[in-house]
Each structure stands twice: as C-alpha cells, then as structure tokens.
Amino acid sequence: MSKILTTQLSGLFQRITQNEEEAIEETARLLAQAGIGEGNVYFACFDEMQVVELNACQAVERFTKLVPWTKDTVITEADRVCIFTRSAHDEEALALAQQLSDNFIPFAAVASEAADSENPLADLAYTYISARIRGGLLPNDLGERIVVPHAIAALFVYEAVKISYDEMLGLDDEEL
C-alpha cells in the first residue's frame with residue numbers, strides 16, 4: 001500500500017508543479033514585498049494547515065520575516081498574508097480574506113479547489129494556489145477513498161513558495 005501512496009503523492013506533487021508554477025512564483029513575489037520592505041509576512045493557517053506555520057516558524061530553515069498570525073493581529077498595508085485552508089469555502093478563511101480585501105491589503109491563498117467562478121477565495125485573493133485535491137488518494141476495503149493529503153500538499157506548496165521567496169530576498173546567495 002505504501003508504494004501506491006508514494007505513486008499517488010508523486011502524481012499530486014507533479015499536478016501542483018505543472019499547473020500552479022506561475023501562481024507559486026507570483027505568491028513568492030507578493031510575500032517578498034513585505035520581506036524586502038518594512039512589513040511582516042503572516043501565514044493564516046486554518047485547521048490542519050497550522051502545520052505550515054509550525055514548520056515555517058520552527059524548522060531548521062525558517063521563513064524570513066514570518067510573524068505568527070492570530071485573530072487579534074493588526075495587519076498593515078506593508079504586511080502580506082498567505083491564507084492556508086483546506087477549502088476555499090471555509091468561513092473563517094473567507095472572513096479574513098474579505099477583511100484584507102476591504103482594507104486593500106494584497107494577500108495570497110492556498111486551498112484545494114481550482115480557481116474558477118465558484119471559488120470565492122480565489123476571487124478575493126491577489127494570488128491563488130490550488131492544492132488540486134479532489135478527494136482521498138487510496139481506496140479502502142469498503143470502496144471509499146482515504147488519505148486526503150491537505151496538509152502534505154500545503155507543505156509542498158509552502159516549500160515551493162519558500163524556494164522562490166528566498167531567491168528573491170537573496171537568502172540563497174548568503175549561504176554559499
């Protein structure tokens with residue numbers, strides 16, 4: 001079963017890379033505006049997506065200028081936000097997105113659904129990345145699909161964004 005899981009995750013990562021490469025680059029560029037300037041970068045992570053912020057703040061290679069986001073955080077025009085949510089229809093994520101949009105603060109969003117006319121989060125976000133998850137990856141004994149890898153896909157997107165972000169900030173040059 002682990003070989004099938006590996007194959008399915010590899011396919012998911014390839015779909016994200018092939019279809020979201022431009023959006024990943026645009027998201028890194030958006031976040032770099034705060035990284036280079038006076039602002040902070042915030043990751044607003046909902047439900048299991050909190051693993052992204054945990055990784056970004058606690059990993060060996062931390063995300064430069066990232067400050068933990070809470071519901072009480074005051075976000076300024078110099079700041080940039082990336083919302084990570086399982087669904088583009090999550091009420092908390094949409095409330096934050098609407099607040100940022102109303103205050104003319106550009107932000108990025110990462111969710112499972114494709115960016116189409118029925119995706120309210122993609123409509124509000126300055127940049128939007130689809131994690132391309134449509135359901136579970138593996139069938140179980142009952143014929144149901146299991147292993148819905150929202151957090152794994154979000155971490156993959158995070159790492160892809162971070163690579164571009166670090167390049168834009170010139171951080172990869174400093175380590176040589």
Side-chain angles (χ1 to χ4, degrees), residues 11-56 63 65-137 145 148-165 168:
L12 174 64
F13 296 158
Q14 287 175 357
R15 281 193 309 276
I16 293 170
T17 301
Q18 290 170 355
N19 296 294
E20 303 299 323
E21 186 174 15
E22 187 175 321
I24 288 169
E25 188 76 16
E26 289 173 359
T27 297
R29 191 174 299 114
L30 176 71
L31 299 178
Q33 292 171 359
I36 292 169
E38 299 292 320
N40 293 311
V41 175
Y42 295 96
F43 288 169
C45 302
F46 297 92
D47 300 318
E48 73 265 33
M49 300 303 199
Q50 292 178 29
V51 70
V52 174
E53 183 178 319
L54 179 67
N55 185 62
F63 198 92
K65 291 197 78 174
L66 182 72
V67 176
W69 176 84
T70 68
K71 292 179 183 180
D72 299 323
T73 299
V74 176
I75 299 169
T76 69
E77 292 176 358
D79 299 328
R80 294 295 178 261
V81 178
C82 188
I83 297 172
F84 287 87
T85 182
R86 178 185 323 137
S87 171
H89 301 279
D90 179 274
E91 290 181 19
E92 286 183 282
L94 282 172
L96 174 59
Q98 190 64 59
Q99 175 188 353
L100 294 170
S101 179
D102 291 347
N103 291 313
F104 304 103
I105 297 173
F107 68 95
V110 178
S112 295
E113 298 87 354
D116 59 24
S117 62
E118 296 180 22
N119 184 327
L121 189 57
D123 189 47
L124 291 168
Y126 185 82
T127 66
Y128 180 84
I129 300 169
S130 171
R132 307 234 163 227
I133 297 173
R134 290 172 248 139
L137 297 179
R145 306 288 297 177
V148 186
H150 292 288
I152 295 170
L155 284 167
F156 179 78
V157 167
Y158 161 76
E159 293 294 348
V161 168
K162 184 179 183 312
I163 290 167
S164 292
Y165 177 86
M168 290 173 193

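Just the heavy atoms: all of them, side chains too, but no hydrogens, waters or symmetry mates, feed the values below.
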Roughly how far, to the nearest 0.5 Å, is the CD atom of Gln18 from the CD1 atom of Ile16?
-> 11.0 Å
Between Asn119 and Ala114, the two heavy atoms sitting closest are ND2-O, 2.9 Å
Kindly compute the distance separating CZ (Arg80) from CD (Gln33), expressed to the nearest 0.5 Å.
-> 4.5 Å
Distance (rounded to the nearest 0.5 Å) between Thr85 OG1 and Glu48 CD | 8.5 Å
Is any side-chain heavy atom of Leu31 less than 4.5 Å from a side-chain heavy atom of Met168?
-> no
Apply side-chain hydrogen bond (donor to acceptor under 3.5 Å, both in side chains) to Gln50 and list each qualifying residue two or more places apart in sequence or on a separate chain.
-> none
If you look only at pairs with a residue in residues 32-42, which of them pass as a salt bridge (Lys or Arg N to Asp or Glu O under 4.0 Å), with sequence neighbours excluded?
-> none
Residue pairs passing the ring pair (Phe, Tyr, Trp, His ring centres under 6.0 Å) test where at least one lies in residues 17-56, sequence neighbours excluded | Phe43-Phe63, Phe43-Phe84, Phe43-Tyr158, Phe46-Trp69
Could you pull out all residues at least two apart from Thr27 that satisfy side-chain hydrogen bond (donor to acceptor under 3.5 Å, both in side chains)?
-> Thr127
What pairs with Glu21 under side chain to side chain contact (heavy atoms under 4.5 Å, CB included), at least two apart in sequence or on another chain?
-> none
Work out which heavy atom in Met49 is nearest to a heavy atom in Ala154; give both atom names and the distance.
-> SD-CB, 3.5 Å
According to the side chain to side chain donor-acceptor pair (under 3.5 Å) rule, which pairs have a member within residues 99-109, sequence neighbours left out?
-> Gln98-Asp102
Which residue pairs pass the ring pair (Phe, Tyr, Trp, His ring centres under 6.0 Å) test when at least one of the two sits in residues 89-118, sequence neighbours left out?
-> none
Answer yes or no: is there a side-chain heavy-atom contact under 4.5 Å between Ile129 and Val161?
-> yes
Quick one: ring pair (Phe, Tyr, Trp, His ring centres under 6.0 Å) partners of Tyr128, sequence neighbours excluded?
-> none
With sequence neighbours excluded, what pairs up with Glu113 under the side-chain hydrogen bond (donor to acceptor under 3.5 Å, both in side chains) test?
-> Ser87
Minimum-distance pair of heavy atoms, taken over all atoms of Ser164 and Glu25 = OG-OE1, 3.1 Å
Under the side chain to side chain contact (heavy atoms under 4.5 Å, CB included) rule, collect the residues that match up with Arg134, sequence neighbours excluded.
-> Arg15
Any side-chain heavy-atom pair from Leu94 and Leu121 closer than 4.5 angstrom?
-> yes
Which pairs count as ring pair (Phe, Tyr, Trp, His ring centres under 6.0 Å) when at least one residue sits in residues 12-32, sequence neighbours excluded?
-> Phe13-Phe156
Closest approach of Ala153 and Ile133, non-hydrogen atoms and distance?
-> CB-CD1, 3.7 Å
Name all residues meeting the side-chain hydrogen bond (donor to acceptor under 3.5 Å, both in side chains) criterion together with Thr73; count only those two or more places apart in sequence or in a different chain, and write none if there are none.
-> Thr70
Got Arg132 and Asn19 here, is their nearest side-chain heavy-atom distance under 4.5 Å?
-> yes
Backbone N/O of Ile36 and side chain of Lys65: donor-acceptor pair under 3.5 Å = no
Considering only heavy atoms from C-beta outward, does the side chain of Cys82 approach that of Val41 to under 4.5 Å?
-> no
Between Ala88 and Ala111, what is the shortest heavy-atom contact and its length?
-> N-CB, 3.7 Å
To the nearest 0.5 Å, atom CD1 of Ile83 lies from atom CG of Asp90 at 9.5 Å
Between Ser130 and Ser112, what is the shortest heavy-atom contact and its length?
-> OG-O, 3.0 Å
So, the side chain of Asp79 versus the backbone of Asn40: is there a donor-acceptor pair under 3.5 Å, distance only?
-> yes
